[in-house]
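Take a look at the structure set out below.
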Amino acid sequence: MNTIARTLAGATLVLSAALPAAAKDFRLGLITPPPHIWTQAAEAFGADLALASDGAHSVAVFPARQLGNEAEMLQQLQTGALDMAFMTVAEVSNRAPDFGAFYAPYLAQDIAHAGRILRSDTATDLLAQLPATVGVVGTGYGMAGLRQIVSRGEVSSAADLAGVKLRITPFEPLLDFYNAIGAAPTPMPLPSVYDALANGQVDAIDMDAELIWALKYYEHADTIVQSDHMMFPMVGLVSARVWAGLSEEDRTMIGDLMAQHVDGTIDSYIAKEGPWLEQIEATGRTYIKVDDTFFSDAVASWNETWSAKTDVLDDMRQVAADTAE
Ligand code: BEZ
């Protein structure tokens, strides 16, 4: 039995005894827009589940925050009002701080390394705490690209970000990072970002290559900083209440298929991140590539802060060292 299967089996034990199979129309929510890799993976998961269950099950996918923001969707998963979600680990880390360890700045050397970390047993083992701590079952990890900075003004050093209103995904590890830099981090969910950057409500954003390119954030920027400073994991979730009502056979089918489709996003980003960044660079904006030295002691400061917030940081670093090339 692989570690994901072990995790799911463990979740099953703490929830309830298996029930007979029953046809079900599941609802799956996510915040990404329809063409986004996560949304495409959710649609493909639904199609495969319908096939594997001979049409007994279907999945209606609700993209682009149709069911609410991630905090609201997580609440719906807890009550069983929502069946499934593909969600940022960022949101989950707001309830389960151990997941903050994934955001150690420069934990991953590059996007492929981020994928190897997410496919490790240490990462999978973290999912085991989700039923008890958050009320959801985590079936496996996906990801988006590494994080970059898009700025309306010129940026040549981290000092240029001091006091700058910089949009972040609303979660603590990123907040701590930009506070350590001396920026003015502004938590803002994804759907609000384009307008906020366009109308100057924020002067910079923390974002990944796919969305900088696909949603044309670069159009409102003078500078792109390719910093690759953090990975951005996603997790496939099923409401623990809903999981408890599934047969053993359905748990296996749903758990395996969902894990397969979220994992597939890792391969997509590994293949596409480079070409997206090249296209962004070719737009002619000022484009600088930086490493951890750009952020001077902000990285060390983050590490110190988060050593006190989670015990798993050392384990995650060990995985990163073991899987580095
Ligand atoms: C973001 O908040 O930047 C984000 C959320 C989901 C997918 C990709 C990016």
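As the structure lists them, so they are numbered: ligands from 1, and atoms in each ligand from 1.
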How are the rings of F86 and F45 set relative to one another: parallel (under 30°), tilted (30 to 60°) or perpendicular (over 60°)?
tilted
Basic-acidic side-chain contact under 4.0 Å: D250, K24
no
Can you report which non-hydrogen protein atom sits closest to atom 4 (C) of ligand 1, along with the distance?
F232 CE2, 3.6 Å
Atom 1 (C) of ligand 1: closest protein heavy atom, distance to 0.1 Å, is T169 OG1, 3.3 Å
Residues T223 and S151: side-chain donor-acceptor under 3.5 angstrom:
no
Any chance the side chains of D228 and Q148 put a donor and an acceptor closer than 3.5 Å?
yes
Quick check on contacts: which atoms of ligand 1 are under 4.0 angstrom from a heavy atom of [X]?
{"X": "R147", "value": "1 (C), 3 (O), 9 (C)"}
{"X": "L211", "value": "8 (C), 9 (C)"}
{"X": "T88", "value": "5 (C), 6 (C)"}
{"X": "D208", "value": "8 (C), 9 (C)"}
{"X": "M207", "value": "3 (O)"}

When you compare ligand 1 with R167, is there at least one nitrogen or oxygen pair between them that comes in under 3.5 angstrom?
yes
First locate atom CD1 of I117, then atom CE of M143, and finally report the distance between them rounded to the nearest 0.5 Å.
10.0 Å
Hey, mind stepping through F171 and T88 against side chain to side chain contact (heavy atoms under 4.5 Å, CB included) and telling me if it holds?
CA-CA 10 Å; F171 74 115; T88 65; over 6 Å; no
